[in-house]
There are 2 protein chains.
Amino acid sequence: MTMAEYNIKIENVVASTKLAEEFDLIKIESEFEGAEYNKQKFPGLVYRVTEPKAAFLIFTSGKVVCTGAKNVADVHTVIGNLGKKLNGIGQETLDDPEITVQNIVASADLHAVLNLNAIAIGLGLENIEYEPEQFPGLVYRIAEPKVVVLIFSSGKLVVTGGKSPSDCDQGVEVVRQQLDSMGLL
Amino acid sequence: MTMAEYNIKIENVVASTKLAEEFDLIKIESEFEGAEYNKQKFPGLVYRVTEPKAAFLIFTSGKVVCTGAKNVADVHTVIGNLGKKLNGIGQETLDDPEITVQNIVASADLHAVLNLNAIAIGLGLENIEYEPEQFPGLVYRIAEPKVVVLIFSSGKLVVTGGKSPSDCDQGVEVVRQQLDSMGLL
DNA sequence: TCAGTATTTAAAGATATATTTATATTTATT
DNA sequence: AATAAATATAAATATATCTTTAAATACTGA
């Protein structure tokens, strides 16, 4: 089983970090072009960057959530850049902040048309949710790795909830093996 | 059993008194900064003070409800101050009005993690209400003293309905003894 | 007669707010 | 016909609001 074979591709990485002891969000909003902060609406400041493309939620506590990067390296790049930019407007940041990947979303393709009703029955109703009138994907919760896989009749998958690329790969493999063993692949 | 041991703390005192034969709420609203009176919404005028912090409901009848004080002494302080302030705008008040404590809310901590399901069964379903999907606290009605205790799985308690600090202390003790006798503490 | 209106306060669990992203189906809008 | 929004999934962050309980006051509507 290879990444290439099933077109496994990381689509989104969510990471968190603590960049400072505290931030002045009002000052950041006034200095960062495009930054949006409305405390009554949501307690974090929203800031988007490109190259690489990502978005930040920046909080008064100094904590930051980074979303939208396509890989973990990009996460480190954009958070590093953000730190420099914050220093550039006089906001003190911590040295060498730890960055924790919290969620990875990946897509994959089993290259087969799937019978979701049969899959639902085969996997056992306690591990899945499938209500096609509500959402066309079957929701499959895997214990190890601890991920959730959305399975579509087209053979496409979305793997979410993982903390590492490996979690995504293994999630796809678990689904593939189970479908294979049920003769549904 | 001591206040200190269970961190019993009075959080709110509700008291009532009759300060005058009648009040002109429209005049009071115009003279007292921050006062709010909308007869159609509620028949009392709302007035908040600080140092000590409290709120008043002032009625045309001359009766007043005081809420939000942290102890009985503060209640007497703020009601005394209110009387002087009312005199200051020409509202006549009665001499030496009686102040009645109507409700005391206290918090406490048993310093133990509690099994609320077991407690519900042990105390008897006729004396308690516990619907964790609706509210995470178990509601326990005690006859003597006549208080209601909210019991949380964290070991924290809220005692309400008492008329004296002693009611709160005794309420905590009743709960402690009963949990102890059931081996749940 | 009762329930609601308003005020205060602690406890703690749920839900919502916002961000991102793939997937696919339906509905609504332009 | 094209586009947008809703449906569902995960995760961090941090606020607000709701749930419950008691009590006085007084007014309205069912």
Side-chain angles (χ1 to χ4, degrees), chain A residues 9-17 36 38-44 46 48 54-61 63-70 100-108 129 131-137 139 141 147-154 156-163, chain B residues 9-17 36 38-44 46 48 54-61 63-70 100-108 129 131-137 139 141 147-154 156-163:
Chain A
K9 182 188 174 198
I10 292 178
E11 305 284 1
N12 186 29
V13 179
V14 179
S16 63
T17 183
E36 302 156 29
N38 179 341
K39 189 182 168 78
Q40 286 182 336
K41 195 176 164 191
F42 184 74
V46 179
R48 299 175 176 86
F56 296 104
L57 299 178
I58 304 175
F59 297 89
T60 302
S61 62
K63 290 189 180 181
V64 173
V65 173
C66 169
T67 63
K70 291 290 187 183
T100 307
V101 170
Q102 304 287 6
N103 185 28
I104 296 186
V105 180
S107 61
E129 286 162 44
E131 296 169 46
E133 286 185 13
Q134 196 173 339
F135 185 76
V139 181
R141 301 172 190 284
V147 296
V148 174
V149 186
L150 306 183
I151 306 174
F152 296 90
S153 58
S154 63
K156 298 283 189 69
L157 308 177
V158 172
V159 184
T160 184
K163 304 278 192 185
Chain B
K9 182 188 174 200
I10 292 177
E11 305 283 1
N12 186 30
V13 179
V14 179
S16 63
T17 184
E36 304 156 29
N38 180 340
K39 188 180 170 77
Q40 286 182 334
K41 193 178 165 191
F42 185 76
V46 178
R48 299 177 176 87
F56 296 103
L57 300 179
I58 305 174
F59 297 89
T60 302
S61 63
K63 289 188 178 180
V64 172
V65 172
C66 168
T67 63
K70 290 290 186 183
T100 307
V101 170
Q102 304 285 7
N103 184 27
I104 295 185
V105 180
S107 61
E129 286 160 44
E131 295 167 49
E133 285 184 14
Q134 194 174 341
F135 185 73
V139 181
R141 300 172 191 284
V147 294
V148 173
V149 185
L150 305 183
I151 306 175
F152 295 89
S153 58
S154 63
K156 299 284 189 70
L157 309 177
V158 172
V159 185
T160 183
K163 304 279 193 185

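Chain letters run A, B, ... following the sequence lines, proteins first and then strands; every chain starts at 1.
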Computed from five pairs at either end and rounded to 10 degrees, the angle between the axes of the helix from C/dT1-D/dA30 to C/dT30-D/dA1 is 120°
Between the NZ atom in A/Lys70 and the CG atom in A/Asn12, the distance rounded to the nearest 0.5 Å is 7.5 Å
Applying side chain to side chain donor-acceptor pair (under 3.5 Å) to A/Glu131 and not counting sequence neighbours gives none
What one should report as the nearest heavy-atom pair of A/Ala69 and A/Ala54 is N-CB, 4.4 Å
So CD of A/Glu36 and NZ of A/Lys41: to nearest 0.5 Å the spacing works out to 7.0 Å
At a 4.0 Å cut-off to heavy atoms of chain B, the contacted part of DNA chain C spans C/dT5 to C/dG13
Applying side chain to side chain donor-acceptor pair (under 3.5 Å) to A/Ser16 and not counting sequence neighbours gives A/Gln102
Rounded to the nearest 0.5 Å, the NZ atom of B/Lys163 sits from the CG atom of B/Asn103 at a distance of 7.0 Å
Residue pair B/Arg48/B/Ser154 against DNA chain C: nearer the 5' end by closest nucleotide is B/Arg48
Applying side chain to side chain contact (heavy atoms under 4.5 Å, CB included) to A/Val101 and not counting sequence neighbours gives A/Val13, A/Val72, A/Ile104
Sorted by chain and number, sequence neighbours left out, side chain to side chain contact (heavy atoms under 4.5 Å, CB included) with A/Val158 holds for A/Val105, A/Leu150, A/Phe152
Taken in chain and number order and not counting sequence neighbours, the residues that satisfy side chain to side chain donor-acceptor pair (under 3.5 Å) with B/Ser107 are B/Glu11
Provide a list of protein-nucleic acid N or O atom pairs under 3.5 angstrom, restricted to nucleotides 24-30 of chain D.
from, atom 1, to, atom 2, distance (Å)
D/dA26, OP1, B/Ser61, OG, 2.6

In B/S/- notation (B base, S sugar-phosphate only, - none; protein heavy atoms under 4.0 Å), nucleotides 3-9 of chain D written 5' to 3' is ----BBB
